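Here is the structure we will look at, set down as structure tokens.
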Amino acid sequence: MNIEWGNLPFGYFKTDYNIRCFYKNGQWGELEVSSSEYIPMHMAATALHYGQEAFEGMKAFKGKDGRIRLFRWDENWKRLNKSAEGIMMPEVPKDIFEKAVKEVIRLNEKFVPPYGTGASLYLRPLLIGTGAQVGVKPASEYCLIIFVTPVGPYFKAGFKPVKVQLVRDFDRAAPLGTGSIKVGGNYAASLRASERAHAEGYSTVLFLDAKEKKYIDEAGPANFFGIKDNTYITPESVSILPSITNMSLKVIAEDLGLKVECRRVPVEELNTFEEAGACGTAAVISPIGEIFDRSNNTSFVISKDGNPGPISTKMYERLLAIQYGDYEDKHGWVDFI
Ligand SMILES: *Cc1c(COP(=O)(O)O)cnc(C)c1O
């Protein structure tokens, strides 16, 4: 096996095994190891017709000591069950989830990128309704699958600010809809806005709250944050997916002596931030240099010199250092495989 670890994209790369568990007759079965990349499924499965599909994303890292570290998997487990509850799928017991994530990493150990390459092993758990249903109702059969894929450093060109596009003519999620859970339907709803933004030269979209169109909501597939007056500010909203990266950055911000505010962030406030970024598992932090309001043809320039701000940089480095085992894990976020 000859993998160019430093040149891996953030994309799909075939590994040896995935793990599956099937729910039938009201209970979960045994974990099954598979080397197939395909899922045999009934054509009337609810995942295909009515969007009974939720997923997670997390990473495992190889440290300098050669040991594999998995970051906050229990938070992913809790969130998967919130998603499951939100679209009427069965809860996944903690022991099944834990065994599955750890086993799938061990089975694919040779795909965990070496320390120092900036790469990591991405885990993608998937919970889908596989039972047939034509009327609109939840399935009676489900499948949990976890596959892994090695992913490269998100920023090939280095940790550099990106331009994002604020959109007013699309919504990702409604206030009483499914924005706060990690389901595929939210992504389908965001595709037109995000593909248009890419085509127009922006790395992602910034959505506003769907009801009042006044407050910052989600930054594409990531949470938004702004920094000013030694304070880390991140939007509070019923339609934002609670990012585990954001949850961790709030703690790191406090560790670094910042205040933390989780509250509504009006669009006008964008002008006042000294730094801003989008956060999520894939990139940890994407610093935001400029926000273009597409409908008003105006820009909020955050990074004047084209470089990431000092606080975002420190937070980014600290979180990565904890994940790779280079900095003390004083909050108990890392589990060894
Ligand atoms: C997964 C996701 C995030 C980031 O969550 P992390 O747990 O930090 O990876 C943010 N927003 C949306 C919409 C997501 O689906």
Side-chain angles (χ1 to χ4, degrees), residues 10 51 53-61 70-84 86-87 97 101 120-127 146 148-149 151 154 162 164 167 170-175 177-195 197 203-210 215-226 232 234-253 262 265 276-288 312 315-316 318-320 322-323 331 333-335:
F10 189 88
E53 185 273 348
F55 67 100
E56 276 302 325
M58 60 183 127
K59 280 177 174 171
F61 304 83
L70 181 59
F71 187 70
R72 304 195 81 172
W73 65 267
D74 52 324
E75 291 297 336
N76 292 92
W77 166 72
K78 285 186 215 160
R79 193 170 66 187
L80 180 63
N81 280 339
K82 287 208 183 94
S83 302
I87 55 171
F97 190 81
V101 290
S120 56
L121 188 73
Y122 183 73
L123 281 77
R124 170 56 61 89
L126 198 63
L127 179 60
I146 306 181
V148 301
T149 186
V151 293
Y154 202 80
V162 298
V164 306
V167 296
F170 285 109
D171 291 317
R172 186 190 80 98
T178 54
S180 63
I181 57 175
K182 206 166 177 78
V183 297
N186 296 334
Y187 278 78
S190 73
L191 282 176
R192 287 185 67 199
S194 69
E195 286 305 295
S203 76
T204 193
V205 278
L206 200 53
F207 290 103
L208 299 184
D209 75 283
Y215 304 100
I216 304 303
D217 213 73
E218 196 88 55
N223 281 183
F224 176 85
F225 68 84
Y232 179 87
T234 189
E236 167 142 73
S237 154
V238 290
S239 47
I240 286 180
L241 192 277
S243 152
I244 296 162
T245 311
N246 197 3
M247 194 191 292
S248 310
L249 290 174
K250 286 180 207 167
V251 175
I252 288 174
C262 189
V265 176
C279 62
T281 296
V284 180
I285 288 176
S286 289
I288 294 175
S312 307
M315 294 181 61
Y316 172 76
R318 174 68 63 87
L319 184 51
L320 279 177
I322 294 171
Q323 292 176 327
H331 303 292
W333 290 341
V334 168
D335 200 359

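Whatever order the structure lists them in is the order used to number ligands and atoms, beginning at 1. Values in this document were obtained by computation on a predicted structure and should not be read as measured data.
- Here side chain to side chain donor-acceptor pair (under 3.5 Å) pairs that include residues 178-190, with residues two or more places apart or in two chains, are Thr178-Asn186.
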At less than 3.5 Å, what protein N or O atoms come close to the N or O atoms of ligand 1? Include the distances to 0.1 Å.
unit_1: ligand 1; atom_1: 7 (O); unit_2: Arg79; atom_2: NH1; d: 2.8
unit_1: ligand 1; atom_1: 7 (O); unit_2: Arg79; atom_2: NH2; d: 3.1
unit_1: ligand 1; atom_1: 7 (O); unit_2: Ile244; atom_2: N; d: 2.9
unit_1: ligand 1; atom_1: 8 (O); unit_2: Ser243; atom_2: OG; d: 2.6
unit_1: ligand 1; atom_1: 8 (O); unit_2: Ile244; atom_2: N; d: 3.3
unit_1: ligand 1; atom_1: 8 (O); unit_2: Thr245; atom_2: N; d: 3.0
unit_1: ligand 1; atom_1: 8 (O); unit_2: Thr245; atom_2: OG1; d: 2.6
unit_1: ligand 1; atom_1: 9 (O); unit_2: Thr281; atom_2: N; d: 2.9
unit_1: ligand 1; atom_1: 9 (O); unit_2: Thr281; atom_2: OG1; d: 2.6
unit_1: ligand 1; atom_1: 11 (N); unit_2: Glu218; atom_2: OE2; d: 2.8
unit_1: ligand 1; atom_1: 11 (N); unit_2: Pro221; atom_2: O; d: 3.4
unit_1: ligand 1; atom_1: 15 (O); unit_2: Lys182; atom_2: NZ; d: 2.7
unit_1: ligand 1; atom_1: 15 (O); unit_2: Tyr187; atom_2: OH; d: 2.5

Legend entry - Intermediate values then yes/no, ring-ring contact (aromatic ring centres under 6.0 Å, His included), Tyr232 and Phe225: CA-CA 7 Å; Tyr232 179 87; Phe225 68 84; 5.0 Å; yes
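- In summary, the side chains of Asp209 and Ser237 do not present any donor paired with an acceptor at a separation below 3.5 Å, with no hydrogens or angles considered.
- The closest side-chain heavy-atom distance from Thr204 to Val162 is not below 4.5 Å.
- For Glu53, the salt bridge (Lys or Arg N to Asp or Glu O under 4.0 Å) test picks out no residue, with sequence neighbours left out.
- Not counting sequence neighbours, Lys82 has no partner by the side-chain hydrogen bond (donor to acceptor under 3.5 Å, both in side chains) test.
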